[in-house]
Student: 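Have a look at this one before I ask anything.
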Amino acid sequence: MKALVTGSNGFIGSHLAEALARRGDEVFCLVRKTSRTDSLAGLNVRFVVGDGRDKESLRPAVRGMDVVFHLAGVINAVDWPTYFEANTQGTQNLIEACLEENPQLQKFVFVSSISALGPSPCGKALREEDECRPVSDYGRSKLMAEKIVLGLADRLPVTIIRPSNIIGPRQKELFESIKLLAKRIKPLIGTGEPQTSLAGVDDLVRAFTLAADSPKSRGQIYIVTDGQAYAWRDITEAVAEALGPRRLYLKVPYPVQYALAAVAELGARFRKTPPLLTRSNIRATREYCWIYDGSKIERELGFKPELDMKETVRRTVEWYRKAGMIK
Ligand SMILES: NC(=O)c1ccc[n+]([C@@H]2O[C@H](COP(=O)([O-])OP(=O)(O)OC[C@H]3O[C@@H](n4cnc5c(N)ncnc54)[C@H](OP(=O)(O)O)[C@@H]3O)[C@@H](O)[C@H]2O)c1
């Protein structure tokens with residue numbers, strides 16, 4: 001199978017490219033001229049240069065592909081135009097390029113997010129058919145992209161995946177916590193109650209391939225989780241445990257985290273780079289729950305999540321240690 005992966009050099013895209021290459025697919029990795037590609041080093045993949053914001057650059061990339069996995073997007077940006085251009089316009093450009101250059105495409109898998117659906121009531125898992133009420137610009141830009149994709153479902157076989165929070169080696173948001181904890185700074189995240197669904201990156205990649213391979217997934221939306229709900233503090237504790245024996249930490253309360261995020265956003269505006277921490281991220285962990293029911297993909301496509309949260313956190317910390325990025 002010839003597969004194009006957009007966002008291929010990112011956290012999830014690089015795991016997908018590796019898994020596809022391992023199973024013998026011909027993998028084409030869409031990257032930008034400016035993209036760092038170390039995450040794809042040594043893989044049996046080919047590179048194609050394109051930018052989601054430039055439709056003409058996407059035309060040659062989609063020609064002759066059997067499947068397109070569309071992961072390119074921005075999760076943290078300083079303003080709405082950046083979310084809109086990357087997540088909404090980028091998706092529209094890519095799917096239109098597919099329709100115009102490759103109408104025989106077997107599957108267009110669009111990677112959206114549970115942020116398009118919005119937060120859940122605490123203690124109740126949301127499903128695919130629940131009303132979408134995004135609370136962030138990120139979520140709104142993904143929901144608009146979903147509508148564009150679904151609007152073309154009669155002309156192209158499309159499937160939408162809504163991953164919950166994903167953990168695994170190279171995950172950036174978890175790395176921010178790992179760096180802080182490695183410096184003995186512990187942000188007191190969340191309320192202490194179960195507030196979020198999670199999925200492991202390897203599980204998510206299996207969900208993508210199931211969606212790509214199955215004709216049943218046409219026109220469908222699937223949430224991917226491991227079926228559990230976690231307290232943010234359990235995840236922080238798992239990181240602390242993976243870093244080593246019990247240590248003393250400087251505990252950082254919510255208002256300080258919020259102020260630091262404001263500073264990070266200001267710095268990002270000056271540097272014109274994506275902020276690693278935003279006030280919206282901080283509020284998301286305090287004010288809302290993000291709990292979802294992932295049983296539809298299990299029922300319809302036979303997906304079986306295998307995440308072991310503590311073990312995945314341990315492997316992630318180990319990966320950052322081996323890469324020399326933490327001590
Ligand atoms: N991580 C999660 O927990 C999570 C959860 C739910 C959904 N998702 C979704 O999954 C997808 C992948 O997430 P990730 O965590 O792997 O993100 P990531 O590591 O930040 O990677 C984002 C990728 O998108 C590319 N990209 C951004 N703007 C682009 C553009 N205009 N044209 C072409 N490529 C562009 C980036 O390329 P450059 O290197 O050139 O910037 C990078 O390869 C995203 O769509 C995200 O919304 C992620």
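Start at 1 and go down the list; that is how both ligands and their atoms are numbered. Numbering starts at 1 and runs along the sequence shown. In what follows, every heavy atom counts, from backbone to side chain, and hydrogens, waters and symmetry copies are set aside.
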Student: How close do I326 and A182 get, counting heavy atoms only, and between which atoms?
Tutor: CG2-CB, 4.2 Å
Student: Closer than 4.0 Å to some heavy atom of D51 - which atoms of ligand 1 meet that?
Tutor: 30 (C), 31 (N), 32 (N)
Student: Sequence neighbours excluded and cut-off under 3.5 Å, please list the side-chain donor-acceptor pairs for residues 8-21, or say none.
Tutor:
from: S8; atom 1: OG; to: L30; atom 2: O; distance (Å): 3.0
from: N9; atom 1: ND2; to: R36; atom 2: O; distance (Å): 3.0
from: S14; atom 1: OG; to: G10; atom 2: O; distance (Å): 2.7
from: S14; atom 1: OG; to: F11; atom 2: O; distance (Å): 3.0
from: S14; atom 1: OG; to: R170; atom 2: NE; distance (Å): 3.1
from: S14; atom 1: OG; to: R170; atom 2: NH2; distance (Å): 3.0
from: H15; atom 1: NE2; to: P169; atom 2: O; distance (Å): 2.9

Student: By number and element, which atoms of ligand 1 are closer than 4.0 Å to a non-hydrogen atom of L71?
Tutor: 11 (C), 12 (C), 44 (C), 45 (O)
Student: Ignoring hydrogens and geometry beyond distance, is a side-chain donor-acceptor pair present between Q92 and K55 at under 3.5 Å?
Tutor: no
Student: Measure the acute angle between the ring planes of W290 and Y288, then classify it against the limits of 30° and 60° as parallel, tilted or perpendicular.
Tutor: perpendicular
Student: Can you tell me the protein heavy atom closest to atom 6 (C) of ligand 1 and the distance?
Tutor: P163 O, 3.5 Å
Student: Just distances here: any N/O of R32 and N/O of ligand 1 closer than 3.5 Å?
Tutor: yes
Student: Would you say K142 contacts ligand 1, with heavy atoms under 4.0 Å as the rule?
Tutor: yes
Student: Going by the atom numbers of ligand 1, which of them fall below 4.0 Å from some non-hydrogen atom of G52?
Tutor: 30 (C), 31 (N), 32 (N), 33 (C)
Student: Near Y138, which atoms of ligand 1 are under 4.0 Å from a heavy atom of that residue?
Tutor: 7 (C), 8 (N), 9 (C), 46 (C), 47 (O)
Student: Looking only at protein heavy atoms, which one is nearest to atom 23 (C) of ligand 1, and how far off is it?
Tutor: G7 CA, 3.6 Å
Student: With K186, which of T236, V252, V239, L180 fulfils side chain to side chain contact (heavy atoms under 4.5 Å, CB included)?
Tutor: T236
Student: Using a 4.0 Å cut-off to any heavy atom of G73, which atoms of ligand 1 qualify?
Tutor: 22 (C), 24 (O), 26 (N), 27 (C)
Student: Could you check atom 17 (O) of ligand 1 against the protein and tell me its nearest heavy-atom contact, residue, atom and distance included?
Tutor: I75 CD1, 3.8 Å
Student: Quick one: are E128 and D293 in side-chain contact, heavy atoms under 4.5 Å?
Tutor: no
Student: Please report the shortest heavy-atom distance between F84 and M144, naming the atom on each side.
Tutor: CE1-CE, 3.6 Å
Student: What protein heavy atom is closest to atom 19 (O) of ligand 1, reported as residue, atom name and distance in Å?
Tutor: K172 NZ, 2.5 Å
Student: Determine whether any heavy atom of S115 lies closer than 4.0 Å to an atom of ligand 1.
Tutor: no
Student: Hey, is CG on D54 packed in by over 12 heavy atoms from elsewhere, all under 6.0 Å?
Tutor: yes
Student: In the protein, what heavy atom is nearest to atom 34 (N) of ligand 1, and what distance, to one decimal place, separates them?
Tutor: A72 CB, 3.5 Å
Student: Any N/O of V74 closer than 3.5 Å to an N/O of ligand 1?
Tutor: no
Student: Which heavy atom of the protein is the closest neighbour of atom 48 (C) of ligand 1, given with residue, atom name and distance?
Tutor: I12 CD1, 3.6 Å
Student: Would you say the side-chain atoms of S214 and K107 include a donor-acceptor pair closer than 3.5 Å?
Tutor: no
Student: How far is atom 7 (C) of ligand 1 from its nearest protein heavy atom, and which residue and atom name does that atom have?
Tutor: S112 O, 3.2 Å
Student: Just checking, any donor-acceptor pair under 3.5 angstrom between side chains of Y258 and R286?
Tutor: no
Student: Under a 4.0 angstrom heavy-atom cut-off, which atoms of ligand 1 come close to V111?
Tutor: 9 (C), 10 (O), 45 (O)
Student: I'd like to know if the side chain of E300 pairs up with that of Y222 as donor and acceptor (distance under 3.5 Å, no hydrogens or angles considered).
Tutor: yes
Student: Tell me the protein heavy atom at minimum distance from atom 5 (C) of ligand 1, and give that distance in Å.
Tutor: S164 O, 3.3 Å
Student: Judged on heavy-atom distance to atom 43 (O) of ligand 1, which of I166, N9, L58 sits nearest?
Tutor: N9
Student: For ligand 1 and A86, I'd like to know whether there is a polar contact (N/O to N/O, distance under 3.5 Å).
Tutor: no
Student: Which atoms of ligand 1 are found less than 4.0 Å from any heavy atom of G10?
Tutor: 16 (O), 19 (O), 21 (O), 43 (O)
Student: Cut-off 3.5 Å, no hydrogens considered: what does the side-chain donor-acceptor table look like for residues 302-309, sequence neighbours left out?
Tutor:
from: D308; atom 1: OD1; to: K310; atom 2: N; distance (Å): 3.4
from: D308; atom 1: OD1; to: E311; atom 2: N; distance (Å): 3.2

Student: For ligand 1, which atoms have a heavy atom of S35 less than 4.0 angstrom away?
Tutor: 38 (P), 39 (O), 40 (O)
Student: Assess, by modelled atom type and distance only, whether the side chains of T159 and S217 contain a donor and an acceptor separated by less than 3.5 Å.
Tutor: yes
